Each structure stands twice: as structure tokens, then as C-alpha cells.
Amino acid sequence: PEAKAEFRNSAAATEDVIVAASRSRIILGLDRLTGQPKWSHTASDAIEGSPVVVGNRAFLGTMGGTVLALSLDKGEVVWEYELGGSIVASPAVTEGRLIIADDDGKVYCFAAL
């Protein structure tokens, strides 16, 4: 992409889109077949962990302590939650739950209602 970004983590991929997040706050949705950007979102803080894709959403955490859920089709924020500390690792997903920890030593578990 034209915007300069520092990517150090792994991307998440589906059959249609690749989601990559950067320390430069840029989150990209790339067309899986062409590599062309489909959308871009600028987060409020740097991103250290890799995104995780569940259904039609990408989940990730920022160094500022925000957990984000972005739509895969447009890259729009559909949900967010503020934790107490920085998020430096990737979220985990199991049995309909999103699990993520912050650097304050707290582990959070979110479930769909």
C-alpha cells in the first residue's frame, strides 16, 4: 500500500480477504487473490498482536488497551471494548468465546449474546 506501515505480526486470512495490522496503527483488508487493498482502518494505538478472524469479523487488540472487532467487508468498527492495560498478544478463540489478556495480568473472556 501507499501508506508506510510497520508490520511485524502475522496476518489472518479467509477465502476472500487477508487482514494485516501494524505498529503504525494501520489495519488493512487485502483482496486475497489480487493483494489489492479492499479497505483500511487507522486504530487509535499501535498493534503488536496478530488479528484473529471469526465469521465475518476480525478481532485484535491495541497497545492502548482497546479490543476491536472490524467487519471483513468494509473494515468498519462494529464493536470495541477498553481494557485496563496494553494488549501485546493475539486474541484466542474457542467455543464461541474470545479470550484476550492485557499487560496488567488480567485475562478477559467475551461471549456472543
Side-chain angles (χ1 to χ4, degrees):
E2 292 179 21
K4 194 169 189 174
E6 186 178 1
F7 295 91
R8 293 192 178 186
N9 51 22
S10 299
T14 70
E15 291 182 10
D16 300 317
V17 66
I18 296 170
V19 180
S22 75
R23 283 183 158 185
S24 305
R25 304 180 318 139
I26 297 170
I27 306 166
L28 293 174
L30 305 170
D31 184 284
R32 188 178 146 262
L33 297 178
T34 67
Q36 295 299 311
K38 293 177 84 168
W39 52 261
S40 175
H41 176 80
T42 303
S44 58
D45 294 287
I47 300 158
E48 289 285 331
S50 301
V52 173
V53 172
V54 179
N56 61 356
R57 295 181 180 171
F59 293 89
L60 53 118
T62 72
M63 291 293 292
T66 304
V67 181
L68 296 171
L70 302 176
S71 65
L72 289 181
D73 60 344
K74 297 181 182 178
E76 296 173 336
V77 175
V78 294
W79 176 81
E80 66 182 290
Y81 188 85
E82 298 292 328
L83 304 184
S86 296
I87 302 167
V88 295
S90 305
V93 178
T94 183
E95 297 181 14
R97 287 170 172 70
L98 179 80
I99 301 165
I100 194 162
D102 66 19
D103 68 352
D104 284 344
K106 295 178 184 159
V107 178
Y108 298 82
C109 180
F110 300 94
L113 297 175

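Quantities reported herein were computed from a predicted structural model and do not represent experimental measurements.
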Inter-residue atom distance Leu98.CG - Cys109.SG, 0.5 Å rounding: 8.0 Å
Measure the OH-CG distance between Tyr108 and Asp102 for me, rounded to the nearest 0.5 Å. 4.5 Å
Treat each ILVMFWY residue as a node, draw an edge where side-chain heavy atoms are under 4.5 Å apart, and state whether Val19 and Val67 are in one component. no
In the single-linkage hydrophobic clustering (I, L, V, M, F, W, Y; side-chain heavy atoms under 4.5 Å), do Ile47 and Leu28 co-cluster?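 Different clusters: Ile47 never reaches Leu28 through Ile, Leu, Val, Met, Phe, Trp or Tyr contacts under 4.5 Å.
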So Asp16 and Leu72, do their side chains get closer than 4.5 Å, heavy atoms only? no
Under 3.5 Å, side-chain donor or acceptor atoms of residues 73-88 against the rest of the protein: list the pairs with distances, not counting sequence neighbours.
| unit_1 | atom_1 | unit_2 | atom_2 | d |
| --- | --- | --- | --- | --- |
| Asp73 | OD1 | Ser71 | OG | 3.1 |
| Glu82 | OE1 | Thr66 | OG1 | 2.9 |
| Glu82 | OE2 | Thr66 | OG1 | 2.8 |
| Ser86 | OG | Met63 | O | 2.5 |

Nearest atoms (heavy-atom pairs only) where [X] meets [Y]:
{"X": "Arg25", "Y": "Ala46", "value": "CG-N, 3.6 Å"}
{"X": "Pro37", "Y": "Leu30", "value": "CA-CD2, 3.7 Å"}
{"X": "Pro91", "Y": "Ile100", "value": "CB-CD1, 4.0 Å"}
{"X": "Ile26", "Y": "Phe7", "value": "O-CE2, 4.2 Å"}
{"X": "Ala11", "Y": "Ile18", "value": "CB-CG2, 3.7 Å"}

Review item, side-chain donor-acceptor pairs of residues 50-60, under 3.5 Å, at least two apart:
| unit_1 | atom_1 | unit_2 | atom_2 | d |
| --- | --- | --- | --- | --- |
| Ser50 | OG | Ser10 | N | 2.9 |
| Ser50 | OG | Ser10 | O | 3.2 |

Tell me which pairs pass ring pair (Phe, Tyr, Trp, His ring centres under 6.0 Å) where either residue lies in residues 18-42, with sequence neighbours left out.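 Applying ring pair (Phe, Tyr, Trp, His ring centres under 6.0 Å) to every pair that reaches into residues 18-42, excluding sequence neighbours, yields nothing.
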Sub-3.5 Å donor-acceptor pair from the side chain of Asn9 to the main-chain atoms of Gly49, do we have one?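 Judged by distance alone, yes, a pair lies under 3.5 Å.
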